[in-house]
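What follows is one structure encoded as structure tokens, with my remarks underneath.
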Amino acid sequence: MTSPCAACRMLHRRCNAKCMLAPYFPADEPGKFAAVHKVFGASNVIRMLQIVDEERRDDAVKGLVYEAYARLRDPVYGCTGAIFYLQKCVEDLEKQLREAREQVLQSREQIDQLMNFLMNKEMI
């Protein structure tokens, strides 16, 4: 007999071959289901998985796990806090890139001016 999946173990129920949660919450990863259960509740997780096409359930579970961990770290913003932070980082990097491009253009202009000056000096 195989050991019950993390979900069935936590919910104290029998795990059988038809267990919907077993493929996504293996026994050796109990933290995943614990986080999802704490944030969403087992019945909601099962309901959500039932409405998702079977070939997309793995992605859905990954999203639920990610959001659950984010909600446990930051109960107010969850993963949107991380998204806002990353958007701010992108904005800052875009600003730095614009400034670096401006510096490159200024340096090129200075080099061109210096080359023109030197070329004109040699002709005299």
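As the structure is a computational prediction, the values presented were derived from the model and not from experiment. As a basis for the values below, the full set of heavy atoms in this structure was taken, side chains included, without hydrogen atoms, waters or symmetry mates.
Applying the salt bridge (Lys or Arg N to Asp or Glu O under 4.0 Å) test to pairs two or more places apart or on separate chains, none has a residue in residues 98-117. Among pairs with a residue in residues 71-100, none fulfils ring-ring contact (aromatic ring centres under 6.0 Å, His included), at least two apart in sequence or across chains. Sorted by first then second residue, the salt bridge (Lys or Arg N to Asp or Glu O under 4.0 Å) pairs that include residues 72-93, not counting sequence neighbours, are Lys88-Asp92.
Rounded to the nearest 0.5 angstrom, Met20 CE and Cys5 SG are separated by 12.0 Å.
Residues that satisfy the side-chain contact (heavy atoms from CB on, under 4.5 Å) test with Gln106, not counting sequence neighbours, are absent from this structure.
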Atom pairs and distances, donor-acceptor, side-chain atoms in residues 21-35, under 3.5 Å, two or more places apart:
| residue | atom | partner | partner atom | Å |
| --- | --- | --- | --- | --- |
| Glu29 | OE1 | Lys32 | NZ | 3.2 |
| Lys32 | NZ | Tyr24 | O | 3.3 |

Under 3.5 Å, sequence neighbours excluded: what are the donor-acceptor pairs made by side chains of residues 58-68?
| residue | atom | partner | partner atom | Å |
| --- | --- | --- | --- | --- |
| Asp58 | OD2 | Lys62 | NZ | 3.3 |
| Glu67 | OE2 | Arg71 | NE | 2.8 |

List, one per line, each side-chain donor-acceptor pair under 3.5 Å for residues 37-51, sequence neighbours excluded.
| residue | atom | partner | partner atom | Å |
| --- | --- | --- | --- | --- |
| Asn44 | OD1 | Arg47 | NH1 | 2.9 |
| Asn44 | ND2 | Phe40 | O | 2.8 |

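The environment of Glu54 atom CD is sparse: at most 12 non-hydrogen atoms of other residues, nucleotides or ligands sit within 6.0 angstrom.
Closest non-hydrogen pair, Ala70 versus Cys79, comes out as CB-N, 3.5 Å.
Between the side chain of Asp53 and the backbone N or O of Glu55, no donor-acceptor pair lies under 3.5 Å.
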